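One structure below.
We count ligands from 1, going down the list as the structure has it; atoms in each ligand are counted the same way. Computed from a prediction, not measured in an experiment: that's the story for all the values here.
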Amino acid sequence: MSEVPQTRCGLVALVGRPNVGKTTLLNRMVGEKLAAITRKPHTTRNRILGIVTRGRDQTVLIDTPGIDAERSRLMNRVLNRTAVQALADADIVCFIIEAGRFEAGDAFILEAIRAAGRPAVLVVNKVDRVADKSTLLPFLETRAGEFDYLGIVPLSGKTGKNLEGLIDELRTHLPEGPFLYDPEQLSDRPERFRAEEMIREALLERLGQEVPYAVAVRVEDWEDRPGITHIDALILVERDSQKGIVIGKGGQMLKRIGQAAREQLETLLGRKIMLRLTVRVEEGWSQSNRALRELGIEEPR
Ligand SMILES: Nc1nc2c(ncn2[C@@H]2O[C@H](COP(=O)(O)OP(=O)(O)OP(=O)(O)O)[C@@H](O)[C@H]2O)c(=O)[nH]1
Ligand SMILES: [Mg+2]
């Protein structure tokens, strides 16, 4: 008698310093844009699930905010807590660093992994940026000496090089068990969330260094009509001066942000979008626990 083949399913937390490329990897592995990616640190503010189902294996990826040793801002502390919680809940930790760099911030995260006692795969991302590939091997050897990783996978989330290698590596370590999600499902986040992410991405890419921290986006109204979806979204900032920057001279900046976000959304959702953006000042929202909770940045407890 032949045995019934077992399914495997596990939670894999993507953790790392801000800006190392966690969300890029999430989007690439899932094959759809689930969340915002920008050149600026602290882009991700939530725990976002991406589901990769291949045959009898389901890898549930958990994207997390970059862990930052600098904890003076309330929002940083909240983001760190979200990430460390996801790390502790995971079956496997996927620790992401940048090729050729291992900083104090990376060592800080490695200590958190050690403390949580979770098994980890090390991902050495952005190998496309390494001009002299012969420097990579000694770098990988040093990393291998620091922790007993399940595996070490150099890759590029940008070019997609060795992405399949990572998916295969993670699959071999999944625990046996039933699927947690429908095999067709790609994320736990509704379309509304993805709309907010695309608007925030368009904003962050076009703003200077200081404003990003102070910006949040909330979809206020969503109406599917025949042939077109109407979306009203609110952009929250902390000061009048920031409102001025977001709106721009004669409303030009806001118009460009709206256009970029709308184009992305139309591709993503496969339908026509009418997007209306409103900017509102809400002083000190990023320093308020209540506001962070209301915006979904802090998980309700
Ligand atoms: N050259 C290169 N750039 C990459 C690669 N992967 C990601 N990036 C870039 O790195 C920047 C940060 O990428 P994200 O995916 O937003 O990084 P993150 O780790 O999710 O950042 P936070 O959410 O802020 O913690 C973006 O500009 C990406 O385009 C890569 O393999 N090579
Ligand atoms: Mg991210």
**Message:** Give me each pair satisfying side chain to side chain donor-acceptor pair (under 3.5 Å) with a member in residues 214-226, each pair once, sequence neighbours excluded.
**Reply:** Arg218-Glu220, Trp222-Asp224, Glu223-Arg225, Asp224-Thr229, Arg225-His230
**Request:** Could you please provide the protein residues found below 4.0 Å of ligand 1 on a heavy-atom basis, arranged by chain and number?
**Result:** Pro18, Asn19, Val20, Gly21, Lys22, Thr23, Thr24, Ile37, Thr38, Arg39, Lys40, Pro41, His42, Thr43, Thr44, Gly66, Asn125, Lys126, Asp128, Arg129, Ser156, Gly157, Lys158
**Message:** Donor-acceptor check, side chain of Asn125 to backbone of Ala99, threshold 3.5 angstrom: yes or no?
**Reply:** no
**Asked** Thinking salt bridges, do Glu164 and Arg54 make one under a 4.0 Å N-O criterion?
**Response** yes
**Asked** Which protein N, O or S atoms lie under 2.8 Å from the Mg ion (ligand 2), given by chain and residue number?
**Response** Thr23 OG1, Thr44 OG1
**Message:** Please tell me whether Thr159 and Asp128 have a donor and an acceptor in their side chains that are separated by less than 3.5 angstrom.
**Reply:** no
**Request:** Check whether any side-chain heavy atom of Leu166 sits under 4.5 Å from a side-chain heavy atom of Met29, and report yes or no.
**Result:** yes
**Request:** Flag the pair Arg239 and Glu283 as a salt bridge only when some basic side-chain nitrogen lies within less than 4.0 angstrom of an acidic carboxylate oxygen.
**Result:** no
**Asked** So which pairs with a foot in residues 113-125 pass salt bridge (Lys or Arg N to Asp or Glu O under 4.0 Å), sequence neighbours left out?
**Response** Glu111-Arg114
**Prompt:** Is there a donor-acceptor contact under 3.5 Å from the side chain of Asp232 to the main chain of Val219?
**Reply:** no
**Fill in**
Heavy-atom nearest pair, Leu275 first then Gly258, reads CD2-O, 3.7 Å
